[in-house]
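Notes follow the structure.
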Amino acid sequence: MRISLFITCYNDTLFPETGKSVVRLLERLGHEIEFPLEQTCCGQMHYNTGYQQEAMPLMQRFVEIFKDAEVVCIPSSSCVAMIRDHYPKMAEATGDPGLIKAVDRLLPRVYELSELLVNKLGIEDVNAYYPHRVTYHASCHSLRSLHLGELPLRLLRKVRGIDLVELNEIDQCCGFGGTFAIKNGDVSAAMLSEKLRCVENTRAEVCTAVDNSCLMHIFGGLHRQRTGIKTVHLAEILASTEDQPSEDEAQS
Amino acid sequence: MTIRVGEAAEAPSFQKAAFKLLDDAQLRKNVRHATDVISGKRAIVVKEQQDWQQLRATASAIKQHTLAHLDEYLLKFEAACTAAGGHVHWASDADEANRIIVDLVKQYGGKEVIKVKTMTSDEIGLNKAFEANGIHPHETDLADMIVQLGHDKPSHIVAPALHRNRQQVREIFMREMGLSELTDEPQDLTNAARQYLREKFLKVKIGFSGANYLLADTGGVCVVESEGNGRMCVTLPDILITLAGIEKIIPSFRDLEVFLQLLPRSATGERMNPYNSLWTGVHKGEGPQHFHVVLLDNGRTRILADPEARQTLHCIRCGACLNTCPVYRQTGGHAYGSIYSGPIGAIVTPQLFDMEHSQSLPYASSLCGACYEVCPVKINIPEVLIHLRGRIVREQQSGANIEAIGMKAMARVFSSGRRLEAAQRLGRLGQWPFVSEGWIKHLPGMLGNWTAVRDMRPLPKQSFRSWWREHEKEKKEGADG
Ligand code: SF4
């Protein structure tokens, strides 16, 4: 299948490993990947912070760039949520019938990574090898907007060598919330400290999720407290094999 | 139109209030415990209700329909209530409502009033208005009584004294009721409250209530509660005055079937409220002989006029969104500077009241969506929060503000792949003053809120897009060679 990648602005800039892993994984599974270089951002940060006007052209760009894609894969549930939950309304607001239709036709072809693997490609065992104790954090958008449920866990359970441990209070927000972490730094820190406690209690070496935004937040706290626990995007675990461990792995 | 809200007008911003409250270990423990218990009970009774999602959808549809025909239903209610011997008054704002109510009490020669839990009366600052006119209000709902006797403020829309534990209640009762002996056993505390209240119920001639529902077809009023103190307030006195926001109306008695299933399960985790009181007008020789309803607007029609925010008025004040909210669970309700706290408070308060501090409320959420998930009338609170943020941004755009400048600059960066790439290069160069030993531990300005408790990785040497170019080239060479 020809899969177009929307890697999202912060993965592109801050977490290139995630994108590389998605490419490695999907190519290993025999798919053809394309990455339109014109892509930037879905507009989520602007939209959610109240800059809806500024988010409009970003929505239009996204639709323009991906409207002819066979499927679009996005390794970030919050960006998928932005697109699914808000693009139709935003397009509606422009009153442009062409755009409304384009959004309508594009949406069913947009997949978060674990949705793409399990629901679209029908695969749970991706032949990954990751010999570590891992706990999975369910991000809010993955839970309540995409309703991913067990999808990421189904993929993780099939990873060889993995020691998967359940995270307590898995449905609790980590306190990131985009600009919330800045605007309400103290409450965000209080929420984070509870999340960290749960992560530490699992005695895992690695905390994973389908969103690097939450992971950046959780890792920020884990590192400040020198817990030694790493955070790794789901894609990196799935991309890792015995022959070709994830980049991080190769370094350690 | 002026909308006056008493003390809340001077409340500090959410951030400031939260900063202080986060240090209160006792409060956080109480709030955590209470919200855990209620949420847990709720989850069990919601799960057993097979048609829960249908009920939610139906309730939402009823509310939408009613709001679309609000004028008709209100007039219908007025006609039916009047025909049954009640009197209907219309109040456009808090001052008018207070004036009407105080005048009524004076007209009946009352010096004291017994009240059953009415948040709307807190919204308009009624107790202050009473006291300014020499009228003493007695709160009779146990939690409201604890708040009143403790000279405190409500912190939860269903359980106003949720931030207090038994030991604290015991102290308040001993001090305010002049008791020399009292344990903190629930039985003992309830007995003390009962003793204290019984006397008021029998003596005071004017009762005052809120309303959970106004029934347009019969002109009836419905109040639900757990203690029976409300039942006393609406049956024992000679005179009964009810204050209700105009959004409390539902078309017909039959609609109660839906709401009386949703509300108790959502609010207290009970299958049914222990006391559901319903009355219509007056009945000779039975219950209060004079009945007045004050219908309050106080900003509600303004909310109604905004299609994106209108769903705010669906709220049946169950409190489920508070109990599940990860922000509320950390701070409790006082941080919201209004009787309406938690996620619903964060959308109601800034819309009802033009308060300085309420501008901070739409940002008091991580948009995690837990509130929307539990809301029995399906209010998409995150959506309304985002809408209100947009309104605040538009209103503040006139002044030069760092955030707006930054956001606009980012939007320009995102306007092409090339610009993003250039910014990534710049960022890698520009970050060096903040990187120490491979980590970012201090950032300036607002961003310092991040590094206060979190480290950050510096930008990696290579962005994904630059890696992709190399990857493509390699693949091509591999294919060509
Ligand atoms: S917004 Fe919904 S969940 Fe929150 S109090 Fe109102 S009805 Fe209950």
Side-chain angles (χ1 to χ4, degrees), chain A residues 7 9 11-20 23 35-41 43 45-55 57-58 61 85 140-141 143-145 171-173 175-193 216-217 219-221 223-224, chain B residues 14-15 18-19 22 326-327 330-331 335 362-370 372-373 383 386 388-394 403-404 407-408 410-411 413-417 419-420 423-424 427 439 441 446-447 449-450 452-457 459-460 462-469 471-472:
Chain A
I7 216 65
C9 58
N11 282 331
D12 181 3
T13 309
L14 295 167
F15 303 98
E17 271 336 297
T18 298
K20 292 190 224 172
V23 173
F35 176 79
L37 281 161
E38 259 308 296
Q39 66 178 276
T40 55
C41 168
M45 180 183 71
H46 286 94
Y47 191 84
N48 282 354
T49 313
Y51 295 81
Q52 281 102 6
Q53 234 174 342
E54 282 73 14
L58 299 177
R61 296 194 76 234
D85 295 348
C140 295
H141 285 105
L143 267 181
R144 302 193 187 90
S145 176
D171 58 351
Q172 288 293 308
C173 176
F176 176 57
T179 43
F180 174 77
I182 304 286
K183 284 180 183 274
N184 278 286
D186 296 303
V187 180
S188 167
M191 289 157 73
L192 176 62
S193 94
M216 174 170 82
H217 191 232
F219 182 72
H223 189 267
R224 172 63 59 92
Chain B
F14 181 84
Q15 289 90 334
F19 179 76
L22 288 173
V327 173
Q330 298 296 343
T331 63
Y363 295 96
S365 163
S366 64
L367 303 180
C368 80
Y372 181 30
E373 194 175 51
E383 189 178 276
I386 292 172
L388 295 176
R389 290 176 183 187
R391 188 192 288 176
I392 291 169
V393 164
R394 283 195 299 280
E403 180 193 287
M407 283 288 181
K408 290 203 166 133
M410 290 290 273
V413 165
F414 291 144
S415 68
S416 85
R419 286 209 178 125
L420 174 56
Q424 287 170 338
W439 291 92
K441 292 176 180 165
M446 288 266 287
L447 295 175
N449 283 347
W450 180 277
V453 295
R454 310 162 191 87
D455 288 338
M456 212 170 140
R457 269 186 233 269
L459 297 191
Q462 191 181 31
S463 68
F464 173 78
R465 63 181 61 231
S466 123
W467 173 85
W468 171 260
R469 271 203 212 93
H471 179 73
E472 282 249 279

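We name chains A, B, ... by the order of the sequence lines, and we start the count at 1 in each one. The analysis underlying the following values was restricted to heavy atoms, covering all of them including side chains, and did not include hydrogens, waters or symmetry mates.
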Per-residue contact mode, [X] against chain B (heavy atom under 4.5 angstrom):
| X | result |
| --- | --- |
| A/Leu14 | both |
| A/Leu37 | both |
| A/Gln52 | side chain |
| A/Leu143 | neither |
| A/Thr49 | both |

Interchain contact, [X] with chain A, by part (heavy-atom threshold 4.5 Å):
| X | answer |
| --- | --- |
| B/Ser415 | backbone |
| B/Ala335 | neither |
| B/Leu22 | side chain |
| B/Glu373 | side chain |
| B/Ser416 | both |

field: Value rounded to 0.5 Å, distance of OG1 in A/Thr13 from CZ in B/Arg465
entry: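 One gets 7.5 Å once the value is rounded to the nearest 0.5 Å.
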
field: Aromatic ring pairing B/Trp439/A/Phe219, orientation class (parallel under 30°, perpendicular over 60°, tilted between)
entry: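 It falls in the tilted class, 30° to 60°.
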
- request: Could I get the full list of ring pair (Phe, Tyr, Trp, His ring centres under 6.0 Å) partners for B/Phe464, not counting sequence neighbours?
  value: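 Once residues adjacent in sequence are excluded, the partners of B/Phe464 under the ring pair (Phe, Tyr, Trp, His ring centres under 6.0 Å) criterion are A/Phe35, B/Trp467.
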
- request: Could you list the residues that satisfy side-chain hydrogen bond (donor to acceptor under 3.5 Å, both in side chains) with B/Glu472, not counting sequence neighbours?
  value: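 For B/Glu472 there are no side-chain hydrogen bond (donor to acceptor under 3.5 Å, both in side chains) partners, ignoring immediate neighbours.
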
- prompt: Using a cut-off of under 4.5 Å for heavy-atom pairs, which of B/Arg419, B/Arg469, B/Met456, B/Arg391 has the most such pairs with chain A?
  reply: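 Option with the greatest count: B/Arg469.
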
- prompt: Looking only at side chains, do A/Ser188 and B/Arg454 share a donor and an acceptor under 3.5 Å apart?
  reply: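 Result is yes, a qualifying pair exists.
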
